[in-house]
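First comes the structure, then the notes that go with it.
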There are 2 protein chains.
Amino acid sequence: MARAATTTDAFNAVAEPRRRRILDLLAGGERSVNDLVAALGVAQPLVSKHLRVLREVGLVEVRDEGRRRMYRLNGRPLKPIYDWVKSYEQSWAQRFERLDAVLEELKEIENGDDGDDD
Amino acid sequence: MARAATTTDAFNAVAEPRRRRILDLLAGGERSVNDLVAALGVAQPLVSKHLRVLREVGLVEVRDEGRRRMYRLNGRPLKPIYDWVKSYEQSWAQRFERLDAVLEELKEIENGDDGDDD
DNA sequence: TTGACACATTCCCATATAGATATATGATTT
DNA sequence: AAATCATATATCTATATGGGAATGTGTCAA
């Protein structure tokens, strides 16, 4: 099996930095494709393809306005990512569990060794 | 260019569900590879390969214990994901901007049409 | 030393890109 | 209708998988 499609879910869609950048731009408000092309400085077909991926996972929605297509953000599909990653918040905020272990080691070392040994 | 390597950053590493599951298991405490193999129900070489990816982005750390290798979680590389996605929290908590637009449309319809159209 | 156990790595395959280029589609203007 | 503008899609290439099977490596037991 190959890697899962980028359109499988938001996790995969958002793994690509350019797509995150697009979402960042859309967070500032609705934008046309050409707007995005100019802001990103990449080829138009590539932007369209990225937008397609984002559309397929529901992260953006389109509205036709004359010959332009206005894209807007829909953050809802990001919530599963938020929920998942939030449950790990402790694991970087609390760097003290490890510290505990180190302190215990130091206590033991205190008993006789110098411990200059990284 | 192909897709970015899964070892490029945590975003890519975590796009794979099996790797998220591994982190979920490690969140409960240190585990040996065999433990993970049993818990996941997948082939051992595959688990080792996923662990390698997680190791390369710093999401797990290893400790040798006899012939076993004990893996433990390091959540720090998840922080960039958290920070990025957190800035979108409004965009799903606040589903009212859209509602506003709908209400405006309804007001207009009120002026003459029945609007039985969902 | 031999054997068993726990993992990691290598090789192979099918698949899915990201990007570049060329072209198709659809709306607006002239 | 013809030309133009704004986007989307099709085609091609190089690359990076995830998974399966086989094999390599290091540790402990007999």
Side-chain angles (χ1 to χ4, degrees), chain A residues 1-26 29-73, chain B residues 1-23 25-26 30-73:
Chain A
M1 216 192 225
R3 208 189 308 194
T6 55
T7 52
T8 300
D9 55 31
F11 278 98
N12 282 281
V14 154
E16 160 67 44
R18 213 90 79 168
R19 283 195 286 267
R20 288 201 299 277
R21 183 93 184 89
I22 289 177
L23 295 180
D24 290 344
L25 288 167
L26 293 180
E30 217 180 29
R31 291 249 202 175
S32 72
V33 178
N34 252 1
D35 257 20
L36 294 172
V37 168
L40 294 167
V42 303
Q44 174 266 312
L46 190 49
V47 173
S48 282
K49 275 203 282 190
H50 283 315
L51 286 169
R52 184 165 155 79
V53 171
L54 293 172
R55 237 163 44 217
E56 289 196 35
V57 298
L59 278 168
V60 300
E61 285 160 12
V62 211
R63 176 175 68 85
D64 280 31
E65 186 183 85
R67 48 186 160 185
R68 285 182 305 169
R69 308 199 78 196
M70 306 302 290
Y71 279 84
R72 89 183 84 88
L73 173 71
Chain B
M1 216 192 224
R3 207 189 310 193
T6 55
T7 52
T8 300
D9 55 30
F11 277 99
N12 282 280
V14 154
E16 160 66 42
R18 213 91 78 170
R19 284 195 287 265
R20 289 200 298 279
R21 183 92 185 90
I22 290 177
L23 295 180
L25 288 167
L26 293 181
E30 217 180 29
R31 291 247 203 177
S32 73
V33 177
N34 253 2
D35 257 19
L36 294 172
V37 168
L40 293 166
V42 303
Q44 174 266 312
L46 191 48
V47 173
S48 282
K49 277 200 278 190
H50 282 314
L51 285 170
R52 182 166 156 82
V53 171
L54 293 172
R55 238 164 43 217
E56 290 198 32
V57 299
L59 277 168
V60 301
E61 286 160 12
V62 212
R63 177 173 69 85
D64 280 29
E65 186 184 84
R67 46 186 159 184
R68 285 183 305 171
R69 306 200 77 198
M70 306 302 290
Y71 278 85
R72 87 183 85 91
L73 173 71

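Worth saying up front: this structure is predicted, and the values here are computed from it rather than measured.
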To the nearest angstrom, the CG-C1' distance between N12(B) and dA16(D) comes to 11 Å

Against the side chain of A43(B), the closest entry in dT7(D), dG19(C), dG20(D) is dG20(D)

OP1 or OP2 of dA8(C) versus the side-chain N and O atoms of R69(B): is any pair under 4.0 Å? yes

Residue of the set E65(A), R67(A), R68(A) for which side-chain contact (heavy atoms from CB on, under 4.5 Å) holds with S32(A): R68(A)

It should be established whether N34(A) places a side-chain nitrogen or oxygen under 4.0 Å from OP1 or OP2 of nucleotide dC5(D). no

Let me know the distance between CG of L36(B) and P of dC7(C), rounded to the nearest Å. 9 Å

Protein within reach of the bases, or only the backbone? For nucleotides 25-30 of chain D, mark each nucleotide 5' to 3' as B, S or -, using heavy atoms under 4.0 Å. --BB--

Does A39(A) have any side chain to side chain contact (heavy atoms under 4.5 Å, CB included) partners at least two apart in sequence or in another chain, and if so, which? L25(A), R31(A)

Heavy-atom side-chain contact between T6(B) and R3(A) under 4.5 Å: yes

Please state how far atom CG in L51(A) lies from atom P in dA6(D), giving the value in whole angstrom units. 16 Å

Contact string for nucleotides 9-17 of chain C, one letter per nucleotide 5' to 3', B = base within protein heavy-atom range under 4.0 Å, S = sugar-phosphate only, - = neither, reads B-B--BBSB

Side-chain contact, heavy-atom cut-off 4.5 Å: R72(A) with L26(A)? no

Going by the rule side chain to side chain contact (heavy atoms under 4.5 Å, CB included), which residues pair with A4(A) if we only count those two or more places apart in sequence or in a different chain? T8(A), N12(A)

From CG of D35(B) across to C1' of dC5(C) the rounded distance in Å is 15 Å

In the structure I gave you, are the side-chain heavy atoms of I22(A) and L59(A) within less than 4.5 Å of one another anywhere? no

For R21(B) and dG18(D), give me the distance from atom CZ to atom P, rounded to whole Å. 18 Å

For residues 50-57 of chain A, run the donor-acceptor check on the side chains, cut-off 3.5 Å, and write out each pair with its distance to 0.1 Å, sequence neighbours left out.
{"residue": "H50(A)", "atom": "ND1", "partner": "R19(A)", "partner atom": "NH1", "Å": "3.1"}
{"residue": "R55(A)", "atom": "NH1", "partner": "Y71(A)", "partner atom": "OH", "Å": "2.7"}

Could you check how far CE of M70(A) sits from P of dA6(D), rounded to whole Å? 12 Å

Less than 4.0 angstrom from a charged side-chain N to a carboxylate O is my criterion; do R63(B) and E61(B) meet it? no

Quick one: is R18(B) getting a side-chain N or O under 4.0 Å of the dG19(D) phosphate, OP1 or OP2? yes

OP1 or OP2 of dA6(C) under 4.0 Å from side-chain N/O of Y71(B): no

Side chain to side chain contact (heavy atoms under 4.5 Å, CB included) involving R20(A) - partner list, sequence neighbours excluded: V14(A), P17(A), D9(B), F11(B), W84(B)

